[in-house]
Amino acid sequence: MFHRDTWAEVDLDAIFHNVASLRAFLPKETAIMAVVKANAYGHGDAQVAKTALEAGASHLAVAFLDEALALRQKGIHAPILVLGATRPEDIDLAAQKQIALTVFQQEWLEKAKQHHQSGLPVSFHLKLDTGMGRLGVKEEAETKRIVAMMDDHPHFLFEGVYTHFATADEIDTDYFSFQYETFLRMLEWLPYRPKWVHCGNSATSLRFPNKVFNIVRFGIAMYGLSPSLAMKSYLPFTLKEAFSLHSRVVHVKRLLPGEKVSYGATYTAEQEEWVGTVPIGYADGWIRKLQNFRVLVNGEKVPIIGRICMDQLMVRLPSYVPIGTKVTLIGQQGEEKITIDEVAQYLDTINYEIPCTISYRVPRIFLRNKSIMEMRNAVLDGNNV
Ligand SMILES: Cc1ncc(COP(=O)(O)O)c(CNc2conc2O)c1O
């Protein structure tokens, strides 16, 4: 349950469609790793993970160890890879929960070896930096030493090697090709190929399905969002947007000319106007820069007026509406819709950031076969975020 009429809806049928479409599109021997970091880009980690696994994914990826532990706590047993850095002292925790880690520093592996007391096997994916400039080994000597250290250790399993592209979602492929060629060259440094070799994010999977080796890391497109605006016309199959955001009007009033709205009294009614108050604000992730953007009420786009508050915002209505009238901030009402891409463009950012930023304060309702199958309210559930 939740007790404020503001909520996000996550259409798991859309998640299923997007993963199943990729499954059918990729070569059959190429596996899918569903990227569910950041609470599945704000969509709900466990629910998206389970749906993706049903739809053909075999692995999961997260950003750091806690996100993997949270999935295990929620009863998910599929292979999980931590893409980011892990503390060497946490290696036994990863071993106990059978969570694979990314390794990209010889020094780190030496420390992890000292902390490894459990005698349990630990799987590693070696990350190579081919030009993303974030994490990854760049030198041949260090690469060879890391692989030798894993091979010499009875419980360290060299399970995968990967890299990450910086420009796979851009039309110009020069830098993508440079990184891809670099990856091929660096793979030659290895004494052998581990079980998993991967380089593909959504953009790479959709544009170059024959350049992804044997598993892809499928993130943004799983949520029905194009990796970039430029890529929208290159998508090989239809993506279905899974996320929508809704609220209800809690107060309606008539403003007379000259009357003000919100902090700073920055908005002045120029004529007699109807104004609605909506219980969502910047603490919910609907940030202040969205002032003057629009929401849907009764299938019409209406402007957000005055400054957005921590918990509420005001909209100018074309006419009186009853208390409780539904407001759609992301999604469709009748013939009108507001997409995540539109919100991102208004904020001069990328679509990835929008669902990620809708905070823990907004409950997520999960729909499957068009009916509500689950609801998560982190305000009340606390640890069950
Ligand atoms: C290492 C790695 N692999 C795969 C993905 C999935 O990419 P996709 O969502 O484009 O499919 C990401 C996304 N990482 C980020 C997406 O936005 N900022 C990031 O750091 C990533 O960091």
Side-chain angles (χ1 to χ4, degrees), residues 14-15 18-19 21-23 25-26 30-43 45 48-49 52 55 57-65 67-68 79-86 100-104 124-137 160-171 175-176 179-180 183 196-209 211-232 234-237 239 241-243 340-341 344 347 349-357:
I15 300 289
N18 299 326
V19 174
S21 299
L22 182 76
R23 179 60 283 155
F25 172 72
L26 286 176
T30 306
I32 298 172
M33 182 184 285
V35 182
V36 291
K37 63 195 176 100
N39 193 26
Y41 295 26
H43 290 68
D45 56 352
V48 168
S58 53
H59 291 62
L60 303 170
V62 294
F64 55 90
L65 187 55
E67 293 185 334
I80 305 176
L81 171 63
V82 173
L83 298 171
T86 303
L101 301 179
T102 292
V103 59
F104 50 91
F124 293 104
H125 286 227
L126 172 65
K127 181 141 194 206
L128 302 176
D129 183 358
T130 55
M132 173 69 186
R134 191 169 62 180
L135 300 180
V137 190
V161 61
Y162 73 103
T163 196
H164 191 52
F165 293 128
T167 64
D169 62 345
E170 295 180 8
I171 301 312
Y175 197 69
F176 169 85
Q179 283 194 261
Y180 184 77
F183 189 46
W196 298 110
V197 180
H198 46 116
C199 63
N201 54 4
S202 291
T204 315
S205 311
L206 298 171
R207 292 177 76 192
F208 314 110
K211 291 194 166 182
V212 296
F213 297 89
N214 64 354
I215 189 167
V216 298
R217 304 188 304 276
F218 195 51
I220 193 72
M222 171 167 66
Y223 304 101
L225 299 170
S226 175
S228 64
L229 294 178
M231 259 202 72
K232 274 191 157 181
Y234 291 80
L235 299 174
F237 50 81
L239 295 175
E241 204 165 313
F243 192 91
I340 284 178
D341 279 336
L347 291 175
T349 187
I350 56 174
N351 52 19
Y352 294 71
E353 193 172 24
I354 304 306
C356 286
T357 316

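Atoms within each ligand, like the ligands themselves, are counted from 1 in listed order. Note: hydrogens, waters and symmetry copies are ignored here, and every other heavy atom, side chains too, is used. If you read the sequence from its start, that first residue is 1, and numbering goes on from there.
Of the N or O atoms in V35, none lie within a sub-3.5 Å distance of an N or O in ligand 1. Residue Y162 has no N or O atom closer than 3.5 Å to an N or O atom of ligand 1. Checked against a 3.5 angstrom limit, the closest N/O atoms of Y41 and ligand 1 fall inside it.
Nearest protein heavy-atom neighbour of atom 8 (P) of ligand 1: I220 N, 3.6 Å. At the top of the distance list for atom 17 (O) of ligand 1, counting protein heavy atoms only, stands Y352 CD2, 3.6 Å. Remark: minimum distance from atom 7 (O) of ligand 1 to any protein heavy atom is reached at N201 CB, 3.5 Å.
Heavy-atom contacts of K37 reach the following atoms of ligand 1: 12 (C), 13 (C), 14 (N), 15 (C), 19 (C), 20 (O), 22 (O) (cutoff under 4.0 Å). Near S202, with a cut-off below 4.0 Å to any heavy atom, the atoms of ligand 1 are 8 (P), 11 (O).
Taking the centre of each ring, Y180 and F208 stay at or above the 6.0 Å mark. Aromatic ring centres of F213 and F183 lie closer together than 6.0 Å.
Contacts between P227 and ligand 1, counted as non-hydrogen atom pairs separated by less than 4.0 Å, are absent for every part of the residue. Heavy atoms of M222 found under 4.0 angstrom from ligand 1: none, in either backbone or side chain.
Residues V62 and V36 meet the side-chain proximity criterion, which asks for heavy atoms closer than 4.5 Å.
For the atom pair S21 OG and M222 CE, the distance stands at 13.0 Å (nearest 0.5 Å).
Among R217, H164, R134, H198, the residue whose heavy atom lies nearest to atom 12 (C) of ligand 1 is H164.
In this structure, the side chain of S202 engages the main chain of G219 through a donor-acceptor pair within 3.5 Å. Judged by distance alone, the side chain of T102 and the main-chain N or O of V82 form a donor-acceptor pair under 3.5 Å. Using a distance-only test at 3.5 Å, with no hydrogens or angles considered, no donor-acceptor pair links the side chain of E353 to the main chain of A344.
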